[in-house]
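Heads up: the structure comes next, in structure tokens.
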Amino acid sequence: MSYQTPDGSVLLVIDMQNDFITNFESPVFIEGAILCLPSIVWAVKCARESKIPVIWVVREHEPSGIDVEHFRKHMYTDPEVPGPLISGSAGAAIVSSLLPMPGEIKIVKKRFSAFHQTHLNSILRRMGCVNVVLCGVQTPNCIRATAFDAVSLDYKDVTVLADCSASKSKAVQDSNLRDLRDVGIHTVEINTAGSLLGWLCPVILV
């Protein structure tokens with residue numbers, strides 16, 4: 001497998017894990033997040049067909065919660081109830097309709113940004129990436145933090161696939177997408193992205 005991007009784009013798929021998407025009892029479950037799943041499936045398919053690298057970004061934690069943010073420590077204090085996103089658990093697994101292909105890279109993060117204390121930046125530079133394309137959940141947290149860090153790291157273009165991301169409400173989603181545009185981040189929907197991302201075929205999902 002070649003890790004060099006043919007047009008400078010790399011697709012990051014962020015936090016599409018069961019505890020966020022399908023596990024209704026998870027304390028980090030995002031209501032409505034599953035609605036963006038068909039669009040993400042399509043984006044991944046288009047990227048693969050166009051030889052655009054797909055990188056999977058996931059959040060995983062120790063069973064003790066020693067590596068989580070302070071405001072989430074309470075989720076790991078009950079010895080009878082495991083916390084969310086524990087490494088190797090079913091909740092931390094990527095949803096079944098988005099299984100990575102052999103050779104695709106997975107980045108494990110502990111915080112909102114996929115760049116924070118990971119080797120993502122080094123990998124993207126080696127790939128020749130100039131356009132960081134983001135999809136996944138959720139927009140006000142991990143998508144936003146990663147996008148802002150990509151801008152700070154001087155990537156030429158940063159693109160968020162708006163209908164391939166989700167927030168807890170439409171108001172939160174719209175507000176955050178507006179903030180992203182205000183700092184020069186592209187926000188596009190996959191059915192209108194053909195002019196910006198040549199590898200992402202224009203299509204209307206039904």
With [X], which residues qualify under side-chain hydrogen bond (donor to acceptor under 3.5 Å, both in side chains), at least two apart?
X	value
Thr22	Asn18
Asn121	Arg125, Tyr155
Asn23	Asp19
Lys45	Glu49

(message) Among residues at least two apart in sequence or on other chains, which ones pass side chain to side chain contact (heavy atoms under 4.5 Å, CB included) with Pro63?
(response)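 Pro63: side chain to side chain contact (heavy atoms under 4.5 Å, CB included) contacts with Ile86.
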(message) Under 4.5 Å side-chain heavy-atom separation, chaining through any Ile, Leu, Val, Met, Phe, Trp or Tyr, what else clusters with Phe71? Say none if it is isolated.
(response)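 Members besides Phe71, by chain and number: Phe112.
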(request) Any chance you could pull the hydrophobic cluster mates of Phe24, using side-chain heavy atoms under 4.5 angstrom and chaining through other members? (result)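 Phe29, listed by chain and number.
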For [X], check salt bridge (charged side-chain N to carboxylate O under 4.0 Å, His left out) against everything at least two apart and list the hits.
X	answer
Lys110	Asp67
Lys170	Asp174
Glu69	Arg59, Arg72

(request) Give a yes or no on whether Arg181 atom CZ has more than 12 heavy-atom contacts from other residues, nucleotides or ligands under 6.0 Å away. (result)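 More than 12 within 6.0 Å, yes.
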(message) Under 3.5 Å, is there a donor on one side chain and an acceptor on the other for Ser113 and Asp149?
(response)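 There is such a pair (donor and acceptor under 3.5 Å, judged by atom type) between the side chains of Ser113 and Asp149.
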(message) Any donor-acceptor pair under 3.5 Å linking the side-chain atoms of Thr159 with those of Asn131?
(response)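 The answer is yes; a qualifying pair exists.
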(message) With salt bridge (Lys or Arg N to Asp or Glu O under 4.0 Å) as the rule and sequence neighbours excluded, what pairs involving residues 8-17 come up?
(response)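 Residue pairs passing salt bridge (Lys or Arg N to Asp or Glu O under 4.0 Å), neighbours aside: Asp15-Lys109.
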(message) If the test is side chain to side chain contact (heavy atoms under 4.5 Å, CB included), which one of Asn141, Ile143, Ile40 qualifies with Ile14?
(response)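 For Ile14, the side chain to side chain contact (heavy atoms under 4.5 Å, CB included) test succeeds with only one of Asn141, Ile143, Ile40, which is Ile143.
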Report all side-chain donor-acceptor pairs from residues 75-82 shorter than 3.5 Å, counting only partners two or more places apart or in another chain.
unit_1, atom_1, unit_2, atom_2, d
Tyr76, OH, Pro84, O, 2.6
Thr77, OG1, His74, O, 3.0
Asp78, OD1, Glu80, N, 2.9

